[in-house]
S.K.: 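Encoded as structure tokens, here's the structure I'll be asking about.
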Amino acid sequence: MRPLDETETTAVFEKIFKFTGNNLKNIVENPSHEGPDANPGRYCFRLNKNKVYYVSESLVKRATNVARSNLVSLGTCIGKFTHGGSFHLTVQCLGLLASNAKHKVWLKPTSEMSFLYGNHVLKGGLGRITENIAPGDGVVVFSMSDVPLGFGIAAKSTQDCRKMDPNGIVVLHQADIGEYLRMEDEL
């Protein structure tokens, strides 16, 4: 497990910034209260076998006792680098994104299952949407009871969504909590 280099850090922060905006500062400066130290530490990003982890510094210090080949996971896996070098967020980072999301979409109960099966969000299933969403922005998808269900990329702006037909795609699916069951072996 090693720290991210400059290009890796840039790729990770750009992807997270797409979903959180200026709230990225809250993620980076989040104090960590775990471990034996009286002073709160910080969270950091670490890379292990092409996967990026969000982990407290005190846990990283204690993990140095474990050999790299024996270390399977540490902290929260927020994404992975592909063989081509691009960074993809995984469903495990949903809690981090949901608490710091800039743009949110709420689904009607009738369309929640469709999204959890991996389908895009349609205008007919939209319950609420935050203002000022532009096409291409990162969006966190919630149920009407504020349970985070997943995230995706906005296909249309907030203004365009109001004029669309009910079968138009509003959010392009990227990840959802149904992946815990569908892709159980890969996570």
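For clarity, every value in this text was computed on a predicted model and none was experimentally measured.
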S.K.: Could you tell me if Gln92 and Thr90 have a donor-acceptor pair between their side chains, going purely by distance under 3.5 Å?
M.R.: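 Gln92 and Thr90 do have a side-chain donor-acceptor pair below 3.5 Å.
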S.K.: Among all residues two or more places apart in sequence or in another chain, which pass the side-chain hydrogen bond (donor to acceptor under 3.5 Å, both in side chains) test with Ser69?
M.R.: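 With sequence neighbours excluded, Ser69 shows a side-chain hydrogen bond (donor to acceptor under 3.5 Å, both in side chains) to no residue whatsoever.
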S.K.: To the nearest 0.5 Å, how far apart are NZ in Lys102 and CG in Leu97?
M.R.: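 Taking NZ in Lys102 and CG in Leu97, the distance rounds to 14.0 Å.
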S.K.: Listing request: all side chain to side chain donor-acceptor pair (under 3.5 Å) pairs with a residue in residues 78-88, at least two apart in sequence or in separate chains.
M.R.: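 Sorted result for residues 78-88: Thr82-Ser86.
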S.K.: Are the side chains of Leu4 and Arg46 in contact, using a 4.5 Å heavy-atom criterion?
M.R.: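 No. Closest side-chain heavy atoms not under 4.5 Å.
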S.K.: Please list, chain by chain and in numerical order, all residues satisfying side-chain hydrogen bond (donor to acceptor under 3.5 Å, both in side chains) with Ser99, sequence neighbours excluded.
M.R.: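 If we apply the side-chain hydrogen bond (donor to acceptor under 3.5 Å, both in side chains) test to Ser99, skipping adjacent residues, there are no hits.
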S.K.: Donor-acceptor pairs are to be reported for all side-chain atoms of residues 110-118 against protein atoms at under 3.5 Å, with residues two or more places apart or in another chain.
M.R.:
{"residue": "Ser111", "atom": "OG", "partner": "Lys108", "partner atom": "O", "Å": "3.2"}
{"residue": "Ser111", "atom": "OG", "partner": "Gly125", "partner atom": "O", "Å": "3.0"}
{"residue": "Ser114", "atom": "OG", "partner": "Asn119", "partner atom": "ND2", "Å": "3.3"}

S.K.: Working note: Leu126 + Val105, criterion side chain to side chain contact (heavy atoms under 4.5 Å, CB included); need CA distance, chi angles, decisive distance, verdict.
M.R.: CA-CA 7 Å; Leu126 205 59; Val105 165; 3.1 Å; yes
S.K.: Inspect the surroundings of NZ in Lys156 and state if more than 12 heavy atoms from other residues, nucleotides or ligands are less than 6.0 Å away.
M.R.: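 Open.
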S.K.: Does Glu8 come within less than 4.0 Å of Arg2, counting only side-chain N to carboxylate O?
M.R.: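 Salt bridge present between Glu8 and Arg2.
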S.K.: Side chains of residues 16-30: which donor-acceptor pairs under 3.5 Å do they make with residues two or more places apart or in other chains?
M.R.:
{"residue": "Thr20", "atom": "OG1", "partner": "Ile16", "partner atom": "O", "Å": "3.0"}
{"residue": "Asn23", "atom": "ND2", "partner": "Asn100", "partner atom": "O", "Å": "3.0"}

S.K.: How is the hydrophobic cluster of Leu74 composed, in terms of its other members, when Ile, Leu, Val, Met, Phe, Trp and Tyr link through side-chain heavy atoms under 4.5 Å apart, directly or indirectly?
M.R.: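 Same cluster as Leu74: Met1, Tyr53, Val55, Leu59, Val60, Val66, Leu71.
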S.K.: Using the test ring-ring contact (aromatic ring centres under 6.0 Å, His included), find all partners of Tyr54 that sit at least two apart in sequence or belong to another chain.
M.R.: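 Expected list: Tyr43, Phe45.
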S.K.: As an exercise, state the distance from CG of Leu107 to CG of Leu122, rounded to the nearest 0.5 Å.
M.R.: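 The CG atom of Leu122 is 10.0 Å from CG of Leu107, to the nearest 0.5 Å.
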S.K.: Sequence neighbours left out, cut at 3.5 Å: what donor-acceptor pairs do the side chains of residues 133-155 make with other protein atoms?
M.R.:
{"residue": "Asp137", "atom": "OD2", "partner": "His103", "partner atom": "NE2", "Å": "3.3"}
{"residue": "Asp137", "atom": "OD2", "partner": "Ala134", "partner atom": "N", "Å": "2.9"}
{"residue": "Ser143", "atom": "OG", "partner": "Ser145", "partner atom": "N", "Å": "3.4"}
{"residue": "Ser143", "atom": "OG", "partner": "Ser145", "partner atom": "OG", "Å": "3.1"}
{"residue": "Ser143", "atom": "OG", "partner": "Val147", "partner atom": "N", "Å": "3.2"}
{"residue": "Asp146", "atom": "OD1", "partner": "Trp106", "partner atom": "NE1", "Å": "2.6"}

S.K.: Tell me which donor-acceptor pairs under 3.5 Å the side chains of residues 162-174 have, and how far apart each pair is, sequence neighbours excluded?
M.R.:
{"residue": "Arg162", "atom": "NH2", "partner": "Glu131", "partner atom": "OE2", "Å": "2.7"}
{"residue": "His173", "atom": "NE2", "partner": "Asp176", "partner atom": "OD2", "Å": "2.4"}

S.K.: Could you work out, with side-chain hydrogen bond (donor to acceptor under 3.5 Å, both in side chains) as the rule, every residue matching Thr64, not counting sequence neighbours?
M.R.: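 Thr64: no side-chain hydrogen bond (donor to acceptor under 3.5 Å, both in side chains) contacts found.
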S.K.: Heavy atoms, side chains only, cut-off 4.5 Å: are Val12 and Ile78 in contact?
M.R.: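 Yes, side chains in contact.
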S.K.: Is any side-chain heavy atom of Ile129 less than 4.5 Å from a side-chain heavy atom of Cys161?
M.R.: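 Yes, side chains in contact.
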